[in-house]
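Below is one structure; the comments refer to it alone.
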Protein chains: 2
Amino acid sequence: MELFDQASVNKSNSRQTRTREKVLNLAMHVLAKNPKASLSEIAEVAEVGRATIFRYFKSRKQLVSELIVEADTKLETAIKPIIEKNLNAGDTLEEFIKVLVPLGASFHFLNSNQIYAEDSGIDDLYKNQLMRLRELSKRLRAENVVSSEIPLAWVAAVLDNLIYTAWETVLKGDIAPNDAPALVLTSFLNGFSPR
Amino acid sequence: MELFDQASVNKSNSRQTRTREKVLNLAMHVLAKNPKASLSEIAEVAEVGRATIFRYFKSRKQLVSELIVEADTKLETAIKPIIEKNLNAGDTLEEFIKVLVPLGASFHFLNSNQIYAEDSGIDDLYKNQLMRLRELSKRLRAENVVSSEIPLAWVAAVLDNLIYTAWETVLKGDIAPNDAPALVLTSFLNGFSPR
DNA sequence: CTCAAGTGAGACACCAGAGTATCATTAGAG
DNA sequence: CTCTAATGATACTCTGGTGTCTCACTTGAG
């Protein structure tokens, strides 16, 4: 139904690269919605022959594996510069949210595919991302941005889910993309009760 | 790893009934963790022959369908008496949460299977549950329990996800089952910032 | 415009899981 | 304890998805 960032399809790349990225992009969205989706479905959505998929990925497993690595790279790339800024916990939180909400698809994908990953290395990527939020939660508590009475695991889990929920709600068209990060932040810190 | 409410297996029922419910219960948990799980896996976990499953459910589709209906019934049964109490929005919220968190598995199951439901009737059950939370959110806003500046869709979505997250976190063993409802309530209303 | 690289369509073998049928074994009601 | 209903094991077919291959068509760089 919705169309995705077709604008980001770089026309200056070679034909091969374009096809490859088209498959990668669309596969991500199809599989995020339905992890059971067949290669035929993916091919159809990507407007590509099923055989073509096999020209770029030797198996379904490898396709999924690449998607996961890609998702991880995107998150890593977005987050690293923030950490290097060495901000206080509160500001780091704000920047994290701002950057992660639009990456909800990647975020979610990494989560929902953790189950199927027979591949051992992929489990590490997932755990690594979780660790990030746990670390941040710890700092938030240490710097008293977050009440220390609340279990750490709960803080991290809620933060993780708020970000994903925001992305999902934006996708449904229920809230504006530009409003999302602020909503996550205020919900996280202050909840919904009137001030 | 974890064992489930085996205590609820009623020994006074007939052998057939016990087998049937054993399959139903375990299938719910297996499929909640991995929607792709094969009937062999379910049979194994339920300590039952694969053929036996087919004696009680004419197809995998029907098994899943029954699980969904069952999940819906559980939620319905839990929620109805609360609504009939005619409490104010705030108290209704509290009771809802108290009752829904332990039903996280059913809650989640209804959610995650909505996608696969070719069956039209099942979609209605899902929409019905979503409606409940939307209704409650509307009342919360009307009675000024929740700030009216926040989009309704966002309130409902967060409430839905907080409940699911709580159940998930309990399952992981990261928070105590008895603490969960209170955590959801305070997180929802006040967020994590220290008072 | 030309033509090679890239692609789509389709036929095929292969496999895993769904669903069926049969029979020997076992649980447990009476 | 007995005997039947219920079960587990096994062997089978069928279906849908995966992965391979070929060939004719299209695209777009030169």
Side-chain angles (χ1 to χ4, degrees), chain A residues 6 9-68 109 112-113 115-119 122, chain B residues 6 9-68 109 112-113 115-119 122:
Chain A
Q6 293 297 351
V9 174
N10 194 340
K11 282 192 182 175
S12 68
N13 285 137
S14 75
R15 198 179 170 192
Q16 279 192 65
T17 310
R18 267 180 293 142
T19 308
R20 195 170 197 285
E21 282 176 357
K22 200 166 148 195
V23 172
L24 236 21
N25 279 332
L26 279 302
M28 164 84 82
H29 283 92
V30 171
L31 289 175
K33 282 189 185 170
N34 173 16
K36 279 173 158 180
S38 71
L39 292 182
S40 309
E41 294 176 58
I42 295 171
E44 198 179 350
V45 172
E47 296 173 299
V48 143
R50 197 176 63 94
T52 298
I53 295 183
F54 285 100
R55 284 195 188 95
Y56 291 96
F57 311 94
K58 88 169 195 289
S59 68
R60 179 204 175 88
K61 205 174 156 183
Q62 199 212 319
L63 169 61
V64 172
S65 175
E66 285 211 30
L67 285 174
I68 291 175
F109 196 79
S112 63
N113 275 277
I115 309 163
Y116 313 124
E118 306 96 30
D119 204 327
I122 282 167
Chain B
Q6 294 295 353
V9 173
N10 194 340
K11 282 191 183 175
S12 69
N13 285 140
S14 76
R15 198 179 169 193
Q16 278 192 67
T17 310
R18 268 180 294 141
T19 309
R20 194 170 197 285
E21 282 176 358
K22 200 166 147 196
V23 172
L24 237 21
N25 279 332
L26 279 301
M28 165 82 83
H29 283 93
V30 172
L31 289 175
K33 282 187 184 169
N34 174 15
K36 277 174 161 180
S38 71
L39 292 182
S40 310
E41 294 176 60
I42 295 172
E44 198 178 350
V45 172
E47 296 171 296
V48 142
R50 197 176 64 95
T52 299
I53 294 182
F54 285 100
R55 285 195 188 96
Y56 291 96
F57 310 94
K58 86 169 197 289
S59 68
R60 179 202 174 89
K61 205 173 155 183
Q62 199 212 317
L63 170 61
V64 172
S65 175
E66 285 210 28
L67 285 175
I68 292 175
F109 196 80
S112 63
N113 275 277
I115 309 162
Y116 312 123
E118 306 95 30
D119 205 326
I122 282 166

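Every chain is numbered from 1 and lettered A, B, ... according to where its sequence line falls, protein lines coming before strand lines. As the structure is a prediction and not an experimental result, all values here were calculated from the model.
- The nucleotide whose nearest atom lies closest to any side-chain atom of A:Ser38 is, among D:dT18, C:dA5, D:dG28, D:dT18.
- Separating the CZ atom of B:Arg55 from the P atom of C:dT22 is a distance of 13 Å, rounded to the nearest angstrom.
- Comparing C:dA18, D:dG28, C:dA9 against the side chain of A:Arg18 picks out D:dG28 as the nearest.
- Rounding to whole angstrom units, CD1 of residue A:Ile53 and P of C:dA9 are separated by 12 Å.
- Between the CZ atom of B:Phe54 and the P atom of D:dG8 there is a distance of 14 Å, rounded to whole Å.
- For B:Arg60, counting side-chain heavy atoms from C-beta on, the closest listed nucleotide (C:dT7, D:dT7, C:dA18) is C:dA18.
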Please report, to 0.1 Å, the donor-acceptor pairs under 3.5 Å made by any side chain of residues 42-56 of chain B, with sequence neighbours excluded.
{"from": "B:Thr52", "atom 1": "OG1", "to": "B:Arg55", "atom 2": "NH1", "distance (Å)": "3.2"}

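- Between A:Lys22 atom NZ and D:dT27 atom P there is a gap of 12 Å when expressed in whole angstrom units.
- Here A:Met28 contributes atom CE and A:Lys33 contributes atom NZ; the two are 13.5 Å apart, rounded to the nearest 0.5 Å.
- Rounded to a whole Å, the CZ atom of B:Arg20 is 12 Å from the P atom of D:dT7.
- Nearest to the side chain of A:Arg50, among D:dT10, D:dG19, C:dA9, sits D:dG19.
- Atom-to-atom, CZ of A:Phe57 to P of C:dT7 comes out at 12 Å; the value is rounded to the nearest Å.
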